[in-house]
Amino acid sequence: MSYPRIASKARLVRDRHEGGLVLVYPERGLVLDETAADVARRLDGSRTVPAIVEELVALYGEGAREAITSDVDELLASLASRGLVTWSDTPRSPCDAPLPAPRRASRGGAPRPFTLVAEVTHRCPLACPYCSNPVELVSREGELGEAGFAALLEQAEDLGVVQVHFTGGEPLARRDLEALVARAHGLGLYVNLVTSGVPLARERLEALARAGVDHVQVSVQASDATLADAIAAHPSHAQKRDVLRWVKELGLPLTVNVVLHRANLHEVDALVALAEEASADRLELANVQYLAWALENRASLLPSAAQIDAAAARAAHHKARLRGRTDVVFVKPDYFERSPKACMDGWARRFVHVAPDGLVLPCHAAASLPGLAFERFDPASGRTLRAIWEENDGMRAFRGDAWMLDPCRSCSERGKDFGGCRCQAFALTGDARRTDPACPLSPDHALLVRAREEADRAEAPAGVRWLHRGRAAVPR
Ligand code: SF4
Ligand code: FES
């Protein structure tokens with residue numbers, strides 16, 4: 001007999017805005033319909049699948065047995081594919097803790113964001129050449145203070161957010177991080193700490209866990225220490241190995257995140273071994289996406305098609321082997337996808353991103369788009385996050401599909417991929433309204449094809465020069 005339960009990295013939360021349940025996990029949240037919510041509530045490791053079906057048949061009636069059985073199987077398969085369910089051979093005590101009740105009635109009005117990406121600082125001791133921070137970094141003096149970020153968290157929760165990623169730069173560079181985590185936790189938000197683990201003492205990680213961190217994502221640059229430290233331009237790999245151990249010793253769910261590129265794609269087997277040794281719940285092998293610093297370094301970072309194919313095959317092998325233990329996720333670069341990604345799940349639709357200086361954005365790279373006047377959140381101004389989210393011209397610029405040009409405007413996929421990534425369209429074509437060149441239907445697709453062909457012809461990574469974030473070019 002096997003007893004399914006929701007994986008420790010995920011949490012069921014009551015959505016006080018729309019009334020239902022949301023299963024929140026590090027990457028995002030799943031809004032559950034009524035039946036799925038009834039199943040999910042019973043995934044606490046105390047019941048077998050047949051027992052769950054019997055309980056639901058008692059609730060909905062014998063006539064619904066077939067539909068319920070299929071719904072339960074379908075939900076479990078969907079959760080398993082995201083690494084959101086674990087199985088044990090012995091039952092646990094039922095978890096009767098009530099979910100927090102809705103505190104206020106839904107206000108309606110769509111879209112509402114589910115996730116706040118709080119980029120609390122751009123400061124970071126590392127200088128990775130693919131950093132997703134903008135090329136123009138916000139200085140320490142320009143950062144929103146603790147009171148500002150605390151007010152932002154409150155207003156984000158009021159707007160509909162159920163999850164916050166504390167990220168940077170390196171969020172540990174802020175001394176008030178514990179206070180911000182405690183504030184988010186107190187508001188009922190799922191707290192994901194996205195960190196390089198540098199600098200961090202075990203006592204501080206304990207304090208962050210006590211403050212309410214739900215999940216920790218630690219970046220690792222490579223499995224080989226020399227290579228990892230060269231990529232980060234900082235001797236940090238040994239420290240990161242300690243942090244990985246501490247996270248699990250403290251009972252926190254762990255994602256190991258590795259940004260893949262030309263110089264480390266050959267390491268997939270070793271990176272999986274590292275994640276296994278760390279008992280990671282999730283290993284995210286996310287290839288570089290070519291914006292900001294990564295675009296500056298594209299010639300050195302973009303891999304060949306053969307490298308991508310070989311790495312993807314190894315990742316698929318390990319994903320199958322580790323199913324139920326470590327969720328191995330391999331994300332291709334857009335340059336090698338057959339269709340564009342729905343970047344950020346659509347512009348200013350599900351994610352609200354706030355830069356260290358309080359600038360409210362739809363994504364980390366949007367500040368670089370010319371002609372879009374984004375606004376800073378500043379509690380002293382009286383202008384609320386809701387007003388900025390709903391009214392700011394930059395946030396509204398690419399919402400929905402009214403802005404689209406052909407071929408997106410008449411394409412049946414436009415409601416799924418939202419025309420791809422606006423920042424990539426701008427970075428490659430100079431016009432953010434154009435179809436993402438990652439789309440084979442884009443008139444600009446040849447730009448990516450040419451870049452891929454150049455990568456296929458490029459020399460081995462040994463001779464590459466990287467422009468490290470915030471520094472002059474450094475030979476590796
Ligand atoms: Fe998506 Fe636009 Fe390409 Fe259609 S044409 S698949 S909407 S990016
Ligand atoms: Fe800005 Fe894709 S990163 S829309």
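As the structure lists them, so they are numbered: ligands from 1, and atoms in each ligand from 1.
A 6.0 Å sphere centred on CZ of R399 holds more than 12 heavy atoms belonging to other residues, nucleotides or ligands.
Comment: R298 does not engage E296 in a salt bridge, judged by the lack of any side-chain N to carboxylate O separation of less than 4.0 angstrom. Between E154 and R183 a salt bridge is recorded (basic side-chain N to carboxylate O distance below 4.0 Å). Using a 4.0 Å cut-off between a side-chain N of Lys or Arg and a carboxylate O of Asp or Glu, D417 and K341 do not qualify as a salt bridge. Using a cutoff of 4.0 Å between basic side-chain nitrogens and carboxylate oxygens, R386 and E391 are not scored as salt-bridged.
Within the protein, the N, O or S atoms sitting under 2.8 Å from atom 1 (Fe) of ligand 1 are D417 OD1, D417 OD2. Shown are the protein N/O/S atoms under 2.8 Å from atom 1 (Fe) of ligand 2, given by residue and atom: C363 SG, C423 SG.
C363 and M344 make their closest contact through CB-CG, 3.6 Å (heavy atoms, listed as atom of the first residue, atom of the second, distance). Heavy-atom minimum distance, Y290 versus L295: O-CD1, 3.7 Å.
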Hey, mind stepping through T195 and E170 against side chain to side chain donor-acceptor pair (under 3.5 Å) and telling me if it holds?
-> CA-CA 6 Å; T195 177; E170 175 46 64; 2.9 Å; yes
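Side-chain rings of F398 and W403 approach one another, their centers coming within less than 6.0 Å.
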